[in-house]
Chemist: 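Sending over a structure as structure tokens; questions will come in a sec.
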Amino acid sequence: MPQPMPKNFDFAEAERRLYAWWEENGWFKPEAAPPDAEPYVISIPPPNVTGALHIGHALFASLEDLMIRYERMRGKAALWVPGTDHAGIATQLQVEKALRDEGLSREEIGREEFLARTWEWKEKYGGTITGQLRRMGASCDWTRERFTLDDGLSAAVRQVFITLYEQGLIYRGPRLVNWSPGLQTAVSDLEVEREEEMSKLYYFKYPVEGGEFLPVATTRPETILGDTAVCVHPEDERYKHLIGKTAYVPMLNRPIPVIADDYVDREFGTGALKITPAHDFNDYDIAQRHKLPLINIMTRTASLNENAGTYAGLDRFDARKKLWADMEAAGLTIKVEDHLQVVPRSQRGGEVVEPLLSTQWFLKIQPLAEKALAAVRDGQIKIVPERFEKVYYHWLENIQDWCISRQLWWGHRIPAWYGPNGEIHVGQQPPAGDGWTPEEDVLDTWFSSGLWPFSTLGWPEQTPDLKRFYPTTMMETGYDILFFWVARMIMMGLWFTGEAPFKVVYLHGLVRDKLGRKISKTLGNTIDPLELIDKYGADPLRFALITSGTPGNDVNLDPARVEGEFRFLNKIWQMTNFVGSNVDETPLEAGAPDVAELDLPARWILSRLNRQVANVQYLFDTYNYGEAGRQIRGFLWDEFADWYIEISKHHLYGQDIEAKNRTRRVLLHVLNTCLRLLHPFMPFVTEELWRYLPHEDTPLILAQWPKSDSRYISDEAEAQMTVLMDMVRGIRNVRSEYDVEPGLKITATVAAGSHRANFEDYGYLFSRLCNVPQLHFIEAGGQAPQDTASIVVGDAVVYLPLAGMIDVEAECARLNKEQDKLREQIAKSEAMLANEGFVSRAKPEVVQRERDKLAELQASRAQIEERLSMLCR
RNA sequence: GGGCAUUUAGCUCAGUUGGUUAGAGCGUACGGUUCACAUCCGUGAGGUCGGGGGUUCGAGCCCCUCAAUGCCCACCA
């Protein structure tokens with residue numbers, strides 16, 4: 001033991017110290033591995049530069065750091081590239097809000113000033129989130145940190161835009177787009193959320209030449225003012241005669257045609273459809289087919305414009321009310337019905353999105369999507385869990401052109417200039433000559449995010465980092481941004497680098513509260529990771545997050561669980577303290593002693609350990625990190641601490657120096673191995689404990705990931721040990737049932753049957769584990785003492801003399817209960833073995849195991865039977 | 001309208017290619033704890049694995065079907 005350990009883990013102090021120590025030594029850098037090491041690279045999902053750490057960040061940070069630390073320990077050149085995203089709309093809104101508090105607006109101060117303020121804002125708050133990721137223990141290479149608006153990344157964005165433009169994949173033009181009136185910008189289809197809401201369906205009369213009325217239904221009466229046709233189904237007998245006639249827009253009396261199109265559903269509403277091509281996506285399509293004019297009736301703020309006649313200037317919802325009232329007065333209304341409608345709302349802010357005609361930049365994305373589909377189909381990229389591949393295919397197969405321009409100020413400005421004669425120049429630099437005006441719009445934030453895996457490594461320059469670390473290895477992120485981000489990175493990566501940007505996509509779920517509800521401020525169920533870190537440290541939070549769920553599924557996090565993992569952490573601390581304080585200065589040979597030198601408990605624990613290591617490896621290979629963590633925890637607590645450490649005290653406190661040293665080596669080896677297994681989960685406490693134990697000349701962060709040594713795995717040792725353990729449990733059980741004073745030492749009589757040797761050699765287990773310090777051996781079938789309770793395991797029987805406490809009747813009842821249980825199991829087992837199908841078809845080892853089990857059960861039954869006949873007749 | 005997921009103990013969740021008596025944490029009952037334990041240890045109670053059907057020697061796990069819940073996608077005014 002190099003130095004005495006503090007009684008508990010002072011995580012607040014240690015986390016800071018260890019993190020600085022790791023970082024200063026350059027161990028977060030891939031250069032910590034040999035130059036020829038295989039790279040393992042994760043690009044961080046860049047959080048909003050001005051954001052603060054929330055529980056979702058804590059989850060990805062825990063998972064990605066686990067992956068990075070694991071691969072680093074496996075000798076890879078592990079690189080976790082950190083960075084932040086400028087998050088166009090979100091950041092702009094924050095700064096605008098700050099401006100409003102000063103009584104200013106962005107329009108008042110102008111673009112230049114606004115951007116200057118936003119950069120200031122970024123400088124002020126930009127470090128918050130990265131500082132918080134450090135507190136999580138994230139072992140990012142901070143020397144390679146990037147920001148989406150850095151010069152390098154901005155150059156990459158321009159390069160990509162220009163190339164796509166030159167390839168004819170980016171075009172500009174007037175189109176119907178999803179317009180956010182509050183933000184006054186176009187948004188992409190993905191940024192629109194559609195929810196079913198109860199609203200109204202308005203029925204009204206469309207006057208048609210000749211004095212007839214055509215009944216029409218709409219959910220948005222104000223759009224009547226922009227109608228350029230009324231449409232019926234060509235075979236609708238009710239309205240057939242009206243096709244080709246002229247109808248008149250209510251209140252405006254503008255003449256429009258009655259047309260026919262089989263898009264119309266005769267069953268819905270009145271079976272007649274008003275066509276507002278400038279304000280509805282379906283109507284737009286129909287208008288294209290019928291070459292109808294488009295009349296835009298709205299402004300950028302979704303109030304009505306001059307095309308709306310007397311309604312000009314009114315907000316869309318006020319116009320709806322007023323127009324309907326006027327129509328009612330004019331006798332043109334029929335009725336209003338409740339109607340369940342899908343309402344498009346902005347992902348940010350929740351206002352109703354308006355389809356609006358406007359000139360925007362679009363990316364024809366189908367050619368990119370085809371490559372992206374192929375990359376997953378042919379296995380270049382694997383998505384975990386696999387079921388998301390289907391979702392991915394479906395989206396890409398039906399992908400629409402992407403509206404990439406935004407009418408914002410904070411973002412990558414589109415590298416385009418407009419000439420005096422209407423020409424467009426797209427390039428890195430403004431064109432020569434006068435009279436060119438630059439494009440005002442910026443790009444969708446996700447446009448730059450799509451380049452993240454390669455732009456952060458220096459692309460388009462062929463930097464050493466790009467050569468060595470691209471393509472990256474793992475993309476770990478939430479399934480909620482599969483389309484927004486992951487699919488786009490794959491498309492952009494394949495298109496511009498010719499390679500899939502990563503090999504594996506691992507998707508995690510959302511963190512929810514313990515009742516499975518979405519975390520939200522209004523529900524008041526937020527879980528603040530920083531608060532939990534302050535209270536318990538980062539390790540328990542990490543461990544709880546990772547072990548609370550399974551890949552791809554949402555995590556219902558119970559803060560009580562974090563406390564539980566804190567107790568686990570303390571338990572490991574105490575185990576290490578115990579082991580450490582029982583190792584003196586004499587240096588011991590490292591590693592576990594040879595199998596041949598070991599006693600049964602040691603053979604057992606090392607068999608269990610190596611089995612566990614192999615199992616953890618399997619679970620890591622299949623990305624089941626949560627289960628791996630749970631199993632390590634179970635092994636350490638339930639097997640190592642509760643059994644082996646207790647057993648080890650016999651030698652540690654004994655006089656046999658060799659046995660003592662062997663035991664110390666076993667204890668150290670198990671602990672050493674488990675600290676390494678646990679390090680990716682709980683980096684801080686494990687690294688700290690590592691310092692207190694004799695170890696190889698490396699920090700734990702660079703220590704070698706354990707390998708299972710199959711020479712130690714022994715079914716036989718485990719089976720033999722299990723008999724002794726079952727007997728201990730049986731004795732404890734009886735003592736508890738009979739309310740025997742726990743401190744009372746009992747001398748037992750034992751008919752050990754085939755386990756005689758082990759009961760003799762390891763009799764001390766009973767002294768230490770169930771307060772039975774002496775065993776008196778008799779032959780099987782020998783005379784058992786009076787007034788005893790008997791415990792049977794296989795063919796071994798332990799008689800506990802409980803004079804004065806044993807009620808013969810109670811003991812018989814207990815034995816009979818045992819016997820019933822045995823009988824049931826034996827019957828089941830016999831039935832199985834009597835089944836020809838089972839014996840001939842099941843794997844031989846399964847059949848053999850069943851036979852052994854039956855023999856064991858029968859032996860127990862015989863023992864109990866004998867006991868019953870003696871005691872209970 | 002399509003698609004996906006979930007349903008296992010009072011609560012939150014595991015359960016790896018089908019194979020002993022289905023597990024953990026929290027909660028709960030009882031008992032103990034100077035001698036590693038900001039505690040910890042021991043012993044219990046608690047589950048017909050959502051319903052039904054099927055495949056199989058054998059099903060919590062595979063197939064079909066129904067139900068509930070949640071999510072994603074989608075142009076019915």
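Bear in mind that the values here come from a model prediction, so they are computed numbers and not experimental data. Throughout, protein chains are lettered first and strands after them, A, B, ... in sequence-line order, and every chain is numbered starting at 1.
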Chemist: Rounded to whole Å, please give me the gap between CG in A:Asp261 and C1' in B:A77.
Modeler: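 For the pair A:Asp261 CG and B:A77 C1', the rounded distance is 13 Å.
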Chemist: Choose from B:U6, B:G19, B:C76 the nucleotide whose nearest atom is closest to any side-chain atom of A:Ala842.
Modeler: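 Comparing B:U6, B:G19, B:C76 against the side chain of A:Ala842, the answer is B:G19.
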Chemist: Between B:A77, B:G15, B:C40, which one does the side chain of A:Lys571 approach most closely?
Modeler: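 When the side chain of A:Lys571 is considered, B:C40 is the closest of B:A77, B:G15, B:C40.
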Chemist: Contact class for A:Lys518 (heavy atom, under 4.0 Å): base, sugar-phosphate, or nothing?
Modeler: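 Here A:Lys518 touches no strand at all.
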Chemist: Would you please confirm or rule out a distance under 4.0 Å between OP1 or OP2 of B:C4 and any side-chain N or O of A:Lys390?
Modeler: yes
Chemist: Picking from B:G70, B:U16, B:A77, which would you name as closest to the side chain of A:Gln631?
Modeler: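 The answer is B:U16.
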Chemist: Over how many whole Å does the gap from A:Phe268 atom CZ to B:G1 atom P extend?
Modeler: 14 Å
Chemist: With heavy atoms under 4.0 Å as the rule, sort A:Ala560 into base, sugar-phosphate or nothing.
Modeler: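 Contact class for A:Ala560: none.
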Chemist: With a 4.0 Å limit, can you tell me whether A:Arg194 has a side-chain N or O closer than that to the phosphate oxygens OP1/OP2 of B:C73?
Modeler: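 No, A:Arg194 has no side-chain N/O under 4.0 Å of OP1/OP2 on B:C73.
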Chemist: Map A:Ala272 and A:Leu857 onto RNA chain B by nearest heavy atom, then report which one ends up closer to the 5' terminus.
Modeler: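 It is A:Leu857 whose nearest nucleotide is closer to the 5' end.
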Chemist: A:Glu222 has an atom CD; how far is it from atom C1' of B:A77, in whole Å?
Modeler: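 It is 13 Å, rounded to the nearest whole Å.
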Chemist: Rounded off to whole Å, could you give me the CG-to-C1' distance for the A:Asn771 and B:C41 pair?
Modeler: 13 Å
Chemist: Return the nearest nucleotide to the side chain of A:Glu627; candidates are B:C72, B:G15, B:A36.
Modeler: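 Closest of the options to the side chain of A:Glu627: B:G15.
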Chemist: Please give the nucleotide sitting opposite B:U6 as a Watson-Crick or G-U wobble pair, both distances under 3.5 Å, or none.
Modeler: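 Here B:U6 is engaged in a pair, and the nucleotide opposite it is B:A68.
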Chemist: Could you state the CD-P distance from A:Gln341 to B:A74, rounded to the nearest angstrom?
Modeler: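 A:Gln341 atom CD is separated from B:A74 atom P by 17 Å.
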Chemist: Just to confirm, is there a sub-4.0 Å distance from OP1 or OP2 of B:A74 to any side-chain nitrogen or oxygen of A:His394?
Modeler: no
Chemist: At 4.0 Å (heavy atoms only), tell me whether A:Phe281 reaches a base, stays on the sugar-phosphate, or touches nothing.
Modeler: nothing
Chemist: Indicate, with a heavy-atom threshold strictly under 4.0 Å, whether A:Ile275 touches base, sugar-phosphate, or nothing.
Modeler: nothing
Chemist: Figure out the CG/P separation between A:Leu689 and B:A36, and round it to whole Å.
Modeler: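 After rounding, the gap between these two atoms is 18 Å.
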Chemist: With a cut-off of less than 4.0 Å, is there a side-chain N or O of A:Gln574 near OP1 or OP2 of B:A38?
Modeler: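 Result: yes.
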Chemist: If we call it a pair only when both distances are under 3.5 Å in a Watson-Crick or G-U wobble match, what pairs with B:G31?
Modeler: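 Partner of B:G31: B:C41.
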Chemist: For a side-chain hydrogen bond (donor to acceptor under 3.5 Å, both in side chains) with A:His290, tell me which candidate from A:Thr228, A:Asp261, A:Asp285 qualifies.
Modeler: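 Single pass found, and it is A:Asp261.
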Chemist: Measuring from the side chain of A:Asn553 (C-beta onward, heavy atoms only), which nucleotide among B:A36, B:C71, B:U6 has the closest atom?
Modeler: B:U6
Chemist: With a 3.5 angstrom cut-off on both distances, give the Watson-Crick or G-U wobble partner of B:G60, or none if there isn't one.
Modeler: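 Because no pair has both required distances under 3.5 Å, B:G60 counts as unpaired.
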Chemist: Is a donor-acceptor contact shorter than 3.5 angstrom present between the side chain of A:Asn8 and the base of B:A38?
Modeler: yes
Chemist: Over all strands shown, is A:Tyr653 touching base, sugar-phosphate only, or nothing at heavy-atom distances under 4.0 angstrom?
Modeler: sugar-phosphate
Chemist: Only pairs with both distances under 3.5 Å count, Watson-Crick or wobble alike; so what is the partner of B:C49 in this structure?
Modeler: none
Chemist: Please figure out whether A:Glu267 or A:Arg633 has its closest RNA chain B nucleotide nearer the 5' end.
Modeler: A:Arg633
Chemist: Of the nucleotides B:A77, B:C72, B:G70, which has the atom closest to the A:Val391 side chain?
Modeler: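 The answer is B:C72, which lies nearest to the side chain.
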Chemist: Below the 4.0 Å mark, does B:C40 have OP1 or OP2 next to a side-chain nitrogen or oxygen of A:Trp637?
Modeler: no
Chemist: Among the candidates B:U21, B:A38, B:C4, find the nucleotide nearest to the side-chain atoms of A:Lys7.
Modeler: B:A38
Chemist: To the nearest angstrom, how far is A:Lys514 atom NZ from B:G27 atom P?
Modeler: 11 Å
Chemist: At 4.0 Å (heavy atoms only), tell me whether A:Asp558 reaches a base, stays on the sugar-phosphate, or touches nothing.
Modeler: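 Result for A:Asp558 = nothing.
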Chemist: Side chain of A:Asp265, heavy atoms from C-beta onward: which of B:G19, B:C73, B:C76 has the nearest atom to it?
Modeler: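 Nearest to the side chain of A:Asp265 among the choices is B:C76.
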Chemist: Of the candidate nucleotides B:U12, B:U21, B:A77, which contains the atom at the shortest distance from the side chain of A:Gln825?
Modeler: B:U21
Chemist: Counting the atoms with a prime plus P, OP1 and OP2 as sugar-phosphate, which does A:Phe388 contact under 4.0 Å by heavy atoms, base, sugar-phosphate, or nothing?
Modeler: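 Touches nothing.
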Chemist: Among A:Arg851, A:Glu850, A:Glu824, A:Gln858, whose side-chain hydrogen bond (donor to acceptor under 3.5 Å, both in side chains) with A:Ser829 holds?
Modeler: A:Glu850
Chemist: Could you go through nucleotides 42-49 of chain B and list every protein N or O atom that sits under 3.5 Å from one of its N or O atoms, giving the distance for each pair?
Modeler:
from, atom 1, to, atom 2, distance (Å)
B:U43, O2', A:Ser736, OG, 3.2
B:G44, OP1, A:Asn733, ND2, 2.4

Chemist: So, does the side chain of A:Glu646 form a donor-acceptor pair with the base of B:A36 at under 3.5 Å?
Modeler: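 Side chain to base: pair found, below 3.5 Å.
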Chemist: Heavy atoms under 4.0 Å, any strand shown: does A:Thr622 hit a base, just sugar-phosphate, or nothing?
Modeler: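 Answer is nothing: A:Thr622 stays at 4.0 Å or more from every strand.
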Chemist: What nucleic acid atoms does A:Lys821 come within less than 4.0 Å of, heavy atoms only: base, sugar-phosphate, or nothing?
Modeler: nothing
Chemist: Applying a 4.0 Å non-hydrogen cut-off, can you work out what A:His279 is touching in the nucleic acid: base, sugar-phosphate, or nothing?
Modeler: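 No contact.
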Chemist: Mind checking if A:Ser829 touches a base, just sugar-phosphate, or nothing, with heavy atoms under 4.0 Å?
Modeler: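 If one applies the 4.0 Å heavy-atom cut-off, A:Ser829 turns out to touch nothing in the nucleic acid.
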Chemist: A:Lys828 near the nucleic acid: base, sugar-phosphate alone, or nothing, with a heavy-atom cut-off under 4.0 Å?
Modeler: sugar-phosphate
Chemist: Would you call A:Glu565 and A:Arg561 a salt bridge, taking side-chain N to carboxylate O under 4.0 Å as the test?
Modeler: yes
Chemist: In this structure, how many angstroms lie between the P atom of B:C41 and the CG atom of A:Asn570, rounded?
Modeler: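 Rounding to the nearest Å, CG of A:Asn570 and P of B:C41 are 11 Å apart.
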Chemist: Students often get this wrong, so: under 4.0 angstrom with heavy atoms, is A:Arg567 touching a base, only sugar-phosphate, or nothing?
Modeler: sugar-phosphate
Chemist: Among B:C11, B:C4, B:G31, which nucleotide sits nearest the side chain of A:Arg387?
Modeler: B:C4
Chemist: Has A:Lys853 got a side-chain N or O lying under 4.0 Å from the OP1 or OP2 atom of B:U21?
Modeler: yes
Chemist: Under the criterion side-chain hydrogen bond (donor to acceptor under 3.5 Å, both in side chains), I'd like the reasoning laid out for A:Asn570 against A:Tyr536: C-alpha separation, chi angles, the key distance, then a yes or no.
Modeler: CA-CA 10 Å; A:Asn570 181 58; A:Tyr536 303 113; over 6 Å; no
Chemist: Verify, without hydrogens or angle tests, whether A:Arg316 (side chain) and A:Arg220 (backbone) share a donor-acceptor contact under 3.5 angstrom.
Modeler: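 Between the backbone of A:Arg220 and the side chain of A:Arg316 there is no qualifying donor-acceptor contact (under 3.5 Å).
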Chemist: Could you tell me whether A:Lys535 atom NZ has more than 12 heavy atoms of other residues or ligands within 6.0 Å of it?
Modeler: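 No, not enclosed.
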Chemist: With a 3.5 Å limit on both atom pairs, tell me what B:U20 is paired to, counting Watson-Crick and G-U wobble, or say none.
Modeler: none
